Amino acid sequence: MARVFNFSAGPSMLPETVLKKAGAEILDYRGSGQSVMEMSHRSKEYEEIIHGAEALLREIMGVPANYKVLFLQGGASSQFAMVPLNLFAKSKRADFIHTGTWSGKAISEAKRYGAVRVVASSEDKNFSYIPATDKGIFDAQADYAHITTNNTIEGTRFRTLPDTGTVPLVADMSSNILSQVYDINKFGLIYAGAQKNIGPAGLTVVIIRQDLLGHQQDCTPTMFNYKIQAENGSMYNTPPCYAIYIAKLVFEWVKELGGVAAMEAVNSKKAALLYDFLDNSKLFKSPVATDARSLMNIPFSAPSDDLNGAFVKEADKAGMVNLKGHRSVGGMRASIYNAMPLAGVQKLVAFMAEFEKKNLK
Ligand SMILES: Cc1ncc(COP(=O)(O)O)c(C=O)c1O
């Protein structure tokens with residue numbers, strides 16, 4: 001069976017070595033006589049897995065000792081509620097930078113729990129750029145300020161983080177966690193759905209500065225309370241055991257390849273290949289401002305819906321799947337997360353060149 005290059009925005013490709021290892025261990029995890037899926041989460045074997053996953057994530061992301069790492073469920077969308085429920089502690093005010101569909105959803109949800117202010121937005125140009133901000137625009141009394149570091153649908157990313165002063169910066173890092181080096185000290189809280197650069201969907205990673213724990217609103221459900229999750233080592237209830245195991249294998253893979261800095265170097269090379277082609281193409285164009293280009297999600301389009309449709313269909317036949325763009329942007333989108341090999345991007349660019357030659361009038 002030939003594997004395809006899957007350009008999906010998520011769930012997306014996982015490293016083949018990870019899948020093979022999981023396959024080899026599926027019936028009998030290291031002599032235990034059981035699959036990880038069947039194991040008690042209180043067993044010695046499983047405790048090693050979850051502790052190992054946390055230790056590896058701390059190591060590859062350089063998470064300082066005054067931060068907790070949590071493995072939760074419910075996807076990034078649950079964090080849209082969990083963050084305000086736990087962080088609206090004093091003023092019950094938060095500032096948001098609105099850069100796309102996902103930040104919009106985070107804003108709507110946060111409004112249910114406190115006062116939300118959009119301090120900058122790129123909505124005027126269909127979120128094709130990242131708005132500039134300076135420290136003065138942020139409310140110094142806000143409980144937090146929120147950004148989406150990479151906008152999966154629109155294909156933009158923050159090149160530099162906003163300076164929010166002493167206000168904790170909260171980041172939805174779902175679509176670029178582990179793809180580039182970040183200084184964790186710059187954040188109060190980071191959250192990410194796993195299904196792009198970490199592992200199976202459902203698992204949600206949260207990295208939270210310890211002083212932000214314990215200020216939840218009274219109505220916060222027990223499962224949504226960061227402090228309770230932290231005190232119980234992410235095992236207040238049965239955690240997503242198998243997803244955490246796959247995440248551990250992915251963290252090992254990142255470490256073996258040289259860590260997040262090495263990932264960033266390969267990701268920059270992959271993205272540059274595609275952007276260079278787009279910059280020189282007479283058929284395809286990118287809707288995104290040059291200084292806001294994402295390393296992970298690259299939207300592009302041909303001049304007509306017919307050509308876009310033909311491109312997606314022919315690429316699929318050639319073993320490059322899920323290239324159709326999101327309906328709000330149109331055209332195509334290539335999501336090239338960590339597990340997309342350089343060969344996948346090379347094949348896509350060669351295919352685009354061929355398509356251009358055939359269709360350019
Ligand atoms: C940036 C971003 N935030 C949030 C989400 C929602 O994630 P989930 O489906 O895990 O709730 C996504 C999903 O693609 C995303 O890309």
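Note that ligands are numbered from 1 as they come in the structure, with each ligand's atoms numbered from 1 the same way. In this text the structure is predicted, and so the values were computed from the model without any measurement. Only heavy atoms go into these numbers, but all of them, side chains included; no hydrogens, no water, no symmetry mates. For reference, positions follow the sequence shown, starting with 1.
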Legend entry - Over 12 non-hydrogen atoms of neighbours within 6.0 angstrom of CZ in Arg117: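 Enclosed: over 12 neighbouring heavy atoms sit under 6.0 Å from CZ of Arg117.
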
Inset, instruction - Taking all non-hydrogen atoms of both residues into account, name the closest pair between Ala110 and Phe88 and its distance. - result: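 Smallest interatomic distance, heavy atoms only, reads O-CE1, 3.7 Å.
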
Legend entry - Under 3.5 Å side-chain donor-acceptor pair for Tyr144 and Asn86: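 No, Asn86 and Tyr144 have no side-chain donor paired with an acceptor closer than 3.5 Å.
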
Legend entry - Validation row, ring centre Tyr46 to ring centre His41 under 6.0 Å: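 Judged by ring-centre distance (under 6.0 Å), Tyr46 and His41 do not meet the cut-off.
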
Inset, instruction - Answer with yes or no after comparing the ring centroid distance for Tyr67 and Phe187 against a 6.0 Å cut-off, counting only values under it. - result: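 They do not qualify: ring centres at least 6.0 Å apart.
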
Show me a pair-per-line table, with atom names and distances to 0.1 Å, of protein N or O atoms that are under 3.5 Å from an N or O of ligand 1.
from: ligand 1; atom 1: 3 (N); to: Asp172; atom 2: OD2; distance (Å): 2.6
from: ligand 1; atom 1: 9 (O); to: Gln195; atom 2: NE2; distance (Å): 3.4
from: ligand 1; atom 1: 10 (O); to: Ala76; atom 2: N; distance (Å): 3.0
from: ligand 1; atom 1: 10 (O); to: Gln195; atom 2: NE2; distance (Å): 3.0
from: ligand 1; atom 1: 11 (O); to: Ala76; atom 2: N; distance (Å): 3.2
from: ligand 1; atom 1: 11 (O); to: Ser77; atom 2: N; distance (Å): 2.8
from: ligand 1; atom 1: 11 (O); to: Ser77; atom 2: OG; distance (Å): 2.6
from: ligand 1; atom 1: 14 (O); to: Lys196; atom 2: NZ; distance (Å): 2.7
from: ligand 1; atom 1: 16 (O); to: Trp102; atom 2: NE1; distance (Å): 3.4
from: ligand 1; atom 1: 16 (O); to: Thr152; atom 2: OG1; distance (Å): 2.5

Inset, instruction - Measure from NZ or CZ of Lys125 to the centre of the six-membered ring of Tyr129, then state whether that distance is under 6.0 Å and the direction lies within 45° of the axis. - result: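 Positive - Lys125 is close enough to the ring of Tyr129 and near enough to its axis.
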
